Every structure is written in C-alpha cells, then in structure tokens.
There are 2 protein chains.
Amino acid sequence: MRVPLELRRAYKLLNHGPTTLVTSAAKGRTNVMAAAWTMPIDFDPPKVSVVIAEGTFTRELVDASGEFTLCVPARAQLDLVYAAGTDSGRDEDKWAALGLKAAPASRVKAPLVEGCVGWLECRVLPEPDVQRKYDLFIAEVVAAWVEDSVWKDGGWDFSAGDDSRPIHHLAGGVFFATGERLQARKP
Amino acid sequence: MRVPLELRRAYKLLNHGPTTLVTSAAKGRTNVMAAAWTMPIDFDPPKVSVVIAEGTFTRELVDASGEFTLCVPARAQLDLVYAAGTDSGRDEDKWAALGLKAAPASRVKAPLVEGCVGWLECRVLPEPDVQRKYDLFIAEVVAAWVEDSVWKDGGWDFSAGDDSRPIHHLAGGVFFATGERLQARKP
C-alpha cells in the first residue's frame with residue numbers, strides 16, 4: 001500500500017541510486033519516461049536533481065508545468081522501465097502502450113505510476129543556465145510516498161521478496177537489482 | 001588490474017548509482033571522502049555531477065584545484081567507505097587513518113584510491129551559482145579506469161566474486177551491494 005513518507009526521509013528513496021520513472025503533465029497531456037541520471041542533493045527540505053534531455057516530450061511538459069514526479073519502479077516492472085526509456089510519448093500514449101496505471105499525486109499535476117515502490121512529487125527550482133547547458137534540473141520534493149511492504153524502521157527493507165527490489169540501469173537494457181543489505185561498522 | 005577505459009564508456013561506472021570515494025589535492029594536501037550523491041550527466045564527452053558540501057575539507061581542496069576523482073569502491077571496502085564519509089580529513093591524514101593507498105592519476109593531481117573497481121578523473125566546469133546555492137559541482141571526465149577482472153564486453157560483470165561488487169549507501173552505514181544482473185526485453 002502507498003503511504004506518505006516524511007519529507008526528511010525522502011532522500012532515502014534515491015540515495016542508493018535506483019533508476020526512476022519521471023512523470024509529467026501539461027497542456028492536457030501526461031507522459032512517463034525512464035531516468036537513471038537522478039540523485040538527491042539535499043536532506044530537508046529535500047531536493048533532487050535529474051537530467052531531462054532537450055527534445056524529449058517530458059522536457060516539453062516539465063518546461064511548461066515546472067513539475068514532475070520521480071517514481072522508483074521495482075524489478076517486476078523491468079521490461080516496461082526499459083521500454084519507457086526507449087519509446088517517445090510524443091506520438092502515442094505511453095501509459096496505455098506500456099500497460100501503466102496512473103494515480104493522482106497530492107501536490108503536483110504529474111501523476112504517480114502504480115506498482116512502483118517509492119514516489120517523489122517535485123517542483124522545479126528554476127536554474128535556466130544549467131537546464132539549457134546540461135539538461136540538468138534541480139527540484140524541491142514537496143511530497144513523498146513509499147510502498148509500506150518494503151519499508152521498515154525508516155528505510156528500505158526488501159526481505160519480503162525480490163520482485164519489489166528497485167533496479168539500476170547499466171546500459172542497453174542491462175540492469176542490476178538492488179542487492180544484499182550490508183551494515184558497515186561504526187567508525 | 002587497473003586498465004584505461006574509453007571515455008565514451010565512462011558513464012557506465014556510475015550509471016547504476018554506486019556510492020563513490022571523492023579524492024582531491026591542493027596546497028600540498030590530499031583528501032578522500034565518500035559521496036553517494038553523484039551521477040553521470042552526459043555521455044561523450046562524459047560529464048558528471050556531485051554534491052560536495054560547503055565546509056568540508058574536500059570542498060576546500062576542490063575549490064582550490066578545480067579537480068577531483070570519483071572512485072568506485074567495492075564491497076570489500078565497506079567499513080572504510082563509511083568511515084571516509086563520517087570522519088573529516090582536515091585535522092588528520094584520512095589515507096593513513098583508513099589504511100588507504102593512493103596511486104597517481106594521469107590527468108589530475110587528485111590521486112586514485114587503490115582497491116576500488118572504477119575511477120574517473122574529473123575537471124570542474126565552473127558553475128559558481130549552483131556550487132554556492134546547492135553545493136552541486138559539474139565536471140568533465142578527462143580520464144577513466146576500470147578493474148579489468150569485473151569488466152567484460154564493455155560493461156560491469158561481477159560474476160567472478162561478490163567482494164568486488166560496488167555498494168550503494170542507504171543511510172547511517174546501511175548499504176546495498178550491487179545485486180543480480182537482469183536483462184530487460186527489447187521493446
């Protein structure tokens with residue numbers, strides 16, 4: 001079940017570097033694409049950065065709305081994540097084509113992707129120079145959600161099943177699942 | 001063995017979101033710290049971004065030199081990566097304290113950390129506004145290296161042993177190893 005996550009913990013959804021789905025909405029259209037190039041950049045209020053390439057339909061919708069979501073898909077969604085990163089939504093409805101269901105977000109118009117295990121609702125902090133030069137967007141996280149079956153004691157816990165593990169894109173459709181949990185010794 | 005990696009493939013060292021060690025050198029001092037908040041932002045020439053917090057010794061050395069390296073540590077280095085992200089190098093030699101060995105880089109003064117499985121030599125592309133506002137640095141990768149025992153056919157291959165898998169920090173010393181390799185279906 002999708003449950004609200006405290007904003008001060010929102011960075012944990014991305015801290016281990018999973019590949020995400022970026023959703024966007026503007027002009028009566030919505031879209032979804034995959035993005036591996038995203039990371040937290042601040043704790044509280046939480047901020048993130050993400051590369052959204054010029055020329056993509058998502059870029060058009062984010063430029064128009066100043067909003068997007070970052071959804072953390074699970075291993076069970078492997079094939080559709082790769083497809084979402086390969087096809088363009090400009091000429092077709094990727095939601096329908098990929099069998100994706102959208103749920104309304106709480107504070108942005110861009111929808112949440114059902115079946116993911118984490119969700120961040122984001123508002124762009126305009127930095128026109130770096131957006132133009134590097135396709136790099138900085139945003140504040142204004143709401144966060146997590147799938148409660150994989151979240152325990154304030155962090156990810158994937159012991160319940162491998163299908164819920166996030167995925168990390170290497171290249172060309174090769175991914176790694178989030179692997180074994182390791183506890184470092186206190187220095 | 002550390003072997004040169006073609007620059008066009010350099011993004012693959014970070015694409016799956018591992019936690020890194022950032023090294024720096026200036027004013028006759030060197031330092032090493034851990035950074036989970038780093039990602040590729042371009043393919044060729046390869047560029048990366050990384051958060052280097054104000055007030056850290058690494059920030060002082062990177063501001064002075066305009067250079068750093070991003071090294072991808074392996075699971076065998078778990079405890080020292082956590083320690084490198086917790087202690088400060090301002091008042092002690094972290095290399096000695098953590099038992100780390102430095103090897104010379106090829107194009108920057110910041111050294112490479114021995115025992116890692118990937119290395120990126122980086123030169124800062126100055127963006128003073130985002131550096132100041134978000135502690136966010138953008139850099140060009142000018143040389144790249146990979147441990148050849150975990151690299152096959154142009155990408156990571158960890159089948160030889162779990163100790164060489166990169167690690168992904170969640171929070172507070174909890175990490176996940178890079179997990180199972182998954183091949184998505186071609187869309």
Side-chain angles (χ1 to χ4, degrees), chain A residues 9 11-12 14-19 36-42 47 49-51 75 78-87 97-98 125 127 129-130 133-136 138 154-156 158 162 165-187, chain B residues 9 11-12 14-19 36-42 47 49-51 75 78-87 97-98 125 127 129-130 133-136 138 154-156 158 162 165-187:
Chain A
R9 293 202 166 115
Y11 76 93
K12 293 186 185 180
L14 299 183
N15 212 73
H16 71 304
T19 293
W37 294 357
T38 181
M39 66 179 185
I41 66 165
D42 209 351
K47 298 188 189 79
S49 67
V50 58
V51 173
R75 180 174 168 166
L78 177 70
D79 292 336
L80 72 85
V81 173
Y82 187 46
T86 308
D87 307 336
L98 301 173
L125 298 168
E127 293 292 341
D129 270 11
V130 296
K133 285 161 76 174
Y134 304 109
D135 296 336
L136 187 64
I138 292 169
W156 292 115
F158 305 111
D162 283 341
R165 290 177 185 272
I167 54 178
H168 305 249
H169 194 222
L170 169 59
V174 174
F175 291 77
F176 296 102
T178 300
E180 189 184 341
R181 187 186 183 97
L182 309 168
Q183 174 69 58
R185 201 166 32 128
K186 273 227 168 346
Chain B
R9 294 203 165 113
Y11 76 95
K12 293 187 185 180
L14 298 183
N15 212 72
H16 71 303
T19 293
W37 294 358
T38 182
M39 65 180 185
I41 66 166
D42 210 351
K47 298 188 189 78
S49 67
V50 59
V51 173
R75 180 174 168 165
L78 179 69
D79 292 336
L80 72 85
V81 172
Y82 187 45
T86 308
D87 307 337
L98 301 173
L125 298 168
E127 293 292 341
D129 270 10
V130 297
K133 285 162 77 174
Y134 305 108
D135 296 337
L136 187 63
I138 292 170
W156 291 115
F158 305 112
D162 284 341
R165 291 179 185 270
I167 54 177
H168 305 250
H169 194 223
L170 170 58
V174 174
F175 291 78
F176 296 102
T178 300
E180 190 183 341
R181 186 184 183 99
L182 309 167
Q183 173 71 58
R185 202 166 32 128
K186 273 226 165 352

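Below, chain A is the first sequence line, B the second, and so on; all start at residue 1. If you're wondering where the values come from, they're calculated on a predicted model, not measured in any experiment. Hydrogens, waters and symmetry mates are skipped; everything else that's a heavy atom, side chains included, is used.
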Worksheet item: Looking only at heavy atoms, what is the nearest atom pair of B:Leu170 and A:Trp156, with distance?
Response: CD1-CD1, 3.6 Å

Worksheet item: How far does CG of A:Asp42 sit from CH2 of B:Trp37, to the nearest 0.5 angstrom?
Response: 5.5 Å

Worksheet item: Parallel, tilted or perpendicular for B:His16 and A:His168, by the 30°/60° rule?
Response: perpendicular

Worksheet, complete the sentence: Cut-off 4.5 Å, heavy atoms of chain A, and the answer for B:Leu78 is both

Worksheet item: Taking 4.0 angstrom as the limit, do B:Glu180 and A:Arg165 come out as a salt bridge?
Response: no

Worksheet entry | Top contributor to chain A interface from B:Leu136, B:Val174, B:Val50 [non-hydrogen pairs under 4.5 Å] | B:Val174

Practice prompt. Sort out for me which of A:Gly155, A:Pro40, A:Ala171 touches chain B most, counting heavy-atom pairs under 4.5 Å.
Written response: A:Pro40

Worksheet item: Are side-chain heavy atoms of B:Glu127 and A:Glu127 found at a separation under 4.5 Å?
Response: no

Practice prompt. Among B:Lys47, B:Arg9, B:Lys12, single out the residue with the greatest number of heavy-atom pairs under 4.5 Å to chain A.
Written response: B:Lys12

Worksheet item: Looking at side-chain heavy atoms only, is the closest gap between A:Met39 and B:Val51 below 4.5 Å?
Response: yes

Fill in: chain A contact via B:Arg75 - which portion, at a heavy-atom distance below 4.5 Å
side chain

Fill in: Gap between atom CZ of B:Phe158 and atom CZ of A:Phe176 - 0.5 Å precision
5.0 Å

Item to complete: Measure the spacing between CZ of B:Phe175 and CD of A:Gln183 and express it to the nearest 0.5 Å.
Response: 9.0 Å

Discussion item. Just verifying a value: how many Å separate B:Tyr134 OH and A:Ile138 CD1, rounded to the nearest 0.5 Å?
Written reply: 5.0 Å

Worksheet item: Among A:Thr38, A:Leu80, A:Ile41, which has the most heavy-atom pairs under 4.5 Å with chain B?
Response: A:Ile41

Fill in: Per-residue contact mode, A:Val130 against chain B (heavy atom under 4.5 angstrom)
side chain

Item to complete: Give, as side chain, backbone, both or neither, the part of B:Leu98 having an atom under 4.5 angstrom from any heavy atom of chain A.
Response: neither

Item to complete: Measure B:Leu14 against the heavy atoms of chain A and call it side chain, backbone, both or neither at under 4.5 Å.
Response: neither

Response to the item:
Of B:Ala36, B:Gly179, B:Pro18, B:Gly154, the largest count of non-hydrogen pairs under 4.5 angstrom with chain A goes to B:Gly179

Fill in: Region of B:Thr86 that comes under 4.5 Å of a non-hydrogen atom in chain A
side chain

Fill in: Contacting region of B:Asp87 [heavy-atom separation from chain A under 4.5 Å]
side chain

